[in-house]
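Just the heavy atoms: all of them, side chains too, but no hydrogens, waters or symmetry mates, feed the values below.
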Amino acid sequence: MKFELRVSLAVPILLSLACAPAASPASRATSQPEPGVYAFVGVNVLPMTDGQQMLADQTVVVRGERIVSAGPRGSVEIPAEATRIDAQNQYLLPGLAEMHGHIPPPSAPQQYVSDVLFLYVANGITTVRGMLGWPGQLELRERVNRGEVLSPTLYLAGPSFSGQSIGSPEQAAARVEQQKQEGWDLLKIHPGLTLQEYDAMADAAHRLEIRFGGHVPEEVGLMHALESRQETFDHLDGYIEYLQGDRPLAQEALVEVARKTREAGAWVVPTMALWETLLGVADLEELEQYPELKYMPSDQVERWREAAAARARDAQSEMEGRRQVAENRKKLLKVLNDEGVQILMGTDAPQIFSVPGFSLRHELAVMTDSGLTPHDILVSGTRNVGRYFKDQDAFGTVQPGMRADLLLVSANPLENIENIFRQTGVMVRGRWLPAEEIAKRLDAIAAR
């Protein structure tokens, strides 16, 4: 199997904006919940802190956008003005993250942008790291931060560095300076950069103290990217190429590359489920039956079907190698986790058959098949994300002082990771959305 294939696989198959419905004044006027004072009473807390898995019969108090107190029921004073949420026999955990997501550009209809952002929230995703910036998108981030748009907290990469956008080392360095000045949170690397362009980008990024991550350009290679302190390796990009992973891999080789990754302090964002679709090894009939497709424009879904069918046809002559790649990706993820590499939850939505928020269901299934425990998976979407963004805010655990991003579910996710989808409600930056309100808003999106 030839690995120049990965370049074409790496290009996002994002939603066509032409099919997005225009917003009516009435739909734009939908009221947004406001932060207030809330008390979750009698709840079982999964704090996601080191060494603590579950605390029974707790009270957690939120004021505004922060958790202000937490402890055993009866030991925590509940403010008189608090809205009490009777959460006995339920489970409270930090909101989840999409660490390789996409946000529509400002040119998209505003209703469409709002719908995509809400699809994340509806599935308990309260933080999104947007990995393909568009000019003008920083204004949306500020509107979200001001509470004008119901949305996860956004951290945005700028327009990407790729073989199409960069033509020289000087241009790469200048683009870093521009994006730093504009206020992007990180730089996004796509395939196609030469080694000299990549090095110029990395040198400027370190000098200006702006993080960078994404793909590994072919001319750069995994080891050089690790040595250059690339921060995140999304889609496990570069690993299969380095390991020649279209054949069975020795455990020793997997352990060696995992240890090098840990020693470099790098993070990985696996996007496991999507990559099985892009490799052409996923079951097309199963993809076509995803119930969440009703939240996407129908003509876009049809294009997804056509693209997936074409991939499956093209993959037939090398299907054995592609299946081996998919299996090796699972083995690699397990070894990376076992060796202490920091995993970050991500799905690369919206993308082909990857609907924002709902894509998490399929990602967690593949992570489970890879051998990760429910606790491992939850850490990748909560505590690890908080650690990644520790210089920008405090969140990712259920503790006083943390951002009030919370997910309330009716069954214990540590027993079965699918229980995170048995939601009673979601709180995003102190805004409480009970399950009934989420369902109503989802119905409206499906109708549009």
Side-chain angles (χ1 to χ4, degrees), residues 30-97 118 120-127 143-154 378 381-383 385-386 389-390 392-413 420 422-441:
T30 302
S31 61
Q32 307 296 359
E34 294 295 331
V37 182
Y38 294 90
F40 297 88
V41 182
V43 70
N44 300 311
V45 174
L46 278 58
M48 301 313 299
T49 53
D50 286 321
Q52 289 183 314
Q53 292 216 357
M54 193 185 80
L55 302 172
D57 198 19
Q58 303 286 295
T59 293
V60 176
V61 177
V62 170
R63 182 180 294 275
E65 296 191 358
R66 296 286 153 181
I67 300 171
V68 295
S69 58
R73 180 162 56 169
S75 70
V76 174
E77 182 178 353
I78 300 175
E81 69 273 28
T83 298
R84 290 178 176 242
I85 299 172
D86 182 4
Q88 190 170 2
N89 298 321
Q90 298 183 61
Y91 297 81
L92 188 70
L93 65 151
L96 303 171
F118 182 74
Y120 287 121
V121 172
N123 288 274
I125 294 174
T126 55
T127 299
R143 290 180 60 216
V144 167
N145 290 343
R146 291 193 300 266
E148 297 173 11
V149 181
L150 183 58
S151 165
T153 298
L154 301 180
L378 289 177
T382 58
R383 184 172 76 216
V385 179
F389 286 119
K390 65 181 180 180
Q392 290 163 275
D393 203 347
F395 66 99
T397 58
V398 183
Q399 294 175 284
M402 295 289 142
R403 194 167 72 210
D405 292 340
L406 298 167
L407 176 58
L408 185 65
V409 297
S410 62
N412 188 353
I420 66 169
R422 298 176 63 176
Q423 296 166 359
T424 304
V426 176
M427 178 170 280
V428 54
R429 295 190 313 280
R431 293 159 174 82
W432 172 242
L433 286 161
E436 297 80 5
E437 175 66 17
I438 292 172
K440 183 169 67 175
R441 290 177 182 243

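A side-chain contact (heavy atoms from CB on, under 4.5 Å) with Pro35 is found for one member of Arg66, Met427, Arg431 and no other, namely Arg431.
Minimum interatomic distance between Phe395 and Met402 (heavy atoms only, all atoms of both residues): N-SD, 3.4 Å. When all heavy atoms are compared, the tightest approach of Val68 to Pro400 is O-CB, 3.8 Å. Contact detail for Pro79 and Glu77: the closest heavy-atom pair is CD-O, 3.6 Å. Shortest non-hydrogen contact noted between Val62 and Gly64 is CG1-O, 3.6 Å. Considering every non-hydrogen atom in both Gly95 and Thr126, the closest pair reads CA-OG1, 3.3 Å. For the pair Gln90 and Ser410, the tightest heavy-atom approach, listed with the atom from each and the gap, is CG-CA, 4.4 Å.
Rounding to the nearest 0.5 angstrom, the gap separating the OG1 atom in Thr153 from the CD atom in Glu65 is 7.5 Å. In this structure, OG on Ser75 lies 7.0 Å from CD on Gln58, to the nearest 0.5 angstrom.
Looking only at side-chain heavy atoms (C-beta outward), Asn44 and Asn412 stay at 4.5 Å or farther from each other. Here the side chains of Val398 and Pro94 are in contact, with some heavy-atom distance below 4.5 Å. The shortest side-chain heavy-atom distance between Val41 and Thr59 falls under the 4.5 Å cut-off. Two residues are said to be in side-chain contact when any heavy atoms from C-beta on lie closer than 4.5 Å; Leu433 and Arg441 meet this criterion. In this structure the side chain of Gln399 never reaches within 4.5 angstrom of the side chain of Ile67, judged on heavy atoms. Using a 4.5 Å heavy-atom threshold, the side chains of Leu406 and Tyr38 count as separate. Between Asp57 and Pro72 the shortest side-chain heavy-atom distance does not fall below 4.5 Å.
Side-chain atoms of Asp405 come within 3.5 Å of backbone atoms of Arg429 as a donor-acceptor pair (strictly under, hydrogens ignored). At least one donor-acceptor pair under 3.5 Å links the side chain of Arg383 to the backbone N or O of Thr49.
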(request) Please assess Phe118 against Ile438 for the test side chain to side chain contact (heavy atoms under 4.5 Å, CB included), listing each intermediate value before the final yes or no. (result) CA-CA 9 Å; Phe118 182 74; Ile438 292 172; 4.3 Å; yes
(request) Starting from the C-alpha separation in whole Å, work towards a yes-or-no answer on side chain to side chain contact (heavy atoms under 4.5 Å, CB included) for Ile420 and Leu378. (result) CA-CA 9 Å; Ile420 66 169; Leu378 289 177; 3.9 Å; yes
(message) Could you go through Leu46 and Thr382, starting from their C-alpha distance and side-chain angles, then the distance that decides it, and tell me whether this counts as side chain to side chain contact (heavy atoms under 4.5 Å, CB included)?
(response) CA-CA 11 Å; Leu46 278 58; Thr382 58; over 6 Å; no
(message) Using side chain to side chain contact (heavy atoms under 4.5 Å, CB included), reason through Val61 and Val76 one step at a time and then give a plain yes or no.
(response) CA-CA 8 Å; Val61 177; Val76 174; 3.8 Å; yes
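Relative orientation of the Phe40 and Trp432 rings is perpendicular, given thresholds of 30° and 60° on the angle between their planes.
Between Lys440 and Glu436 no salt bridge is recorded (no basic side-chain N to carboxylate O distance below 4.0 Å).
In summary, the side chains of Thr127 and Arg403 do present a donor paired with an acceptor at a separation below 3.5 Å, with no hydrogens or angles considered.
Counted within 6.0 Å of CD on Glu148, heavy atoms from surrounding residues, nucleotides or ligands total more than 12; the atom is thus considered enclosed.
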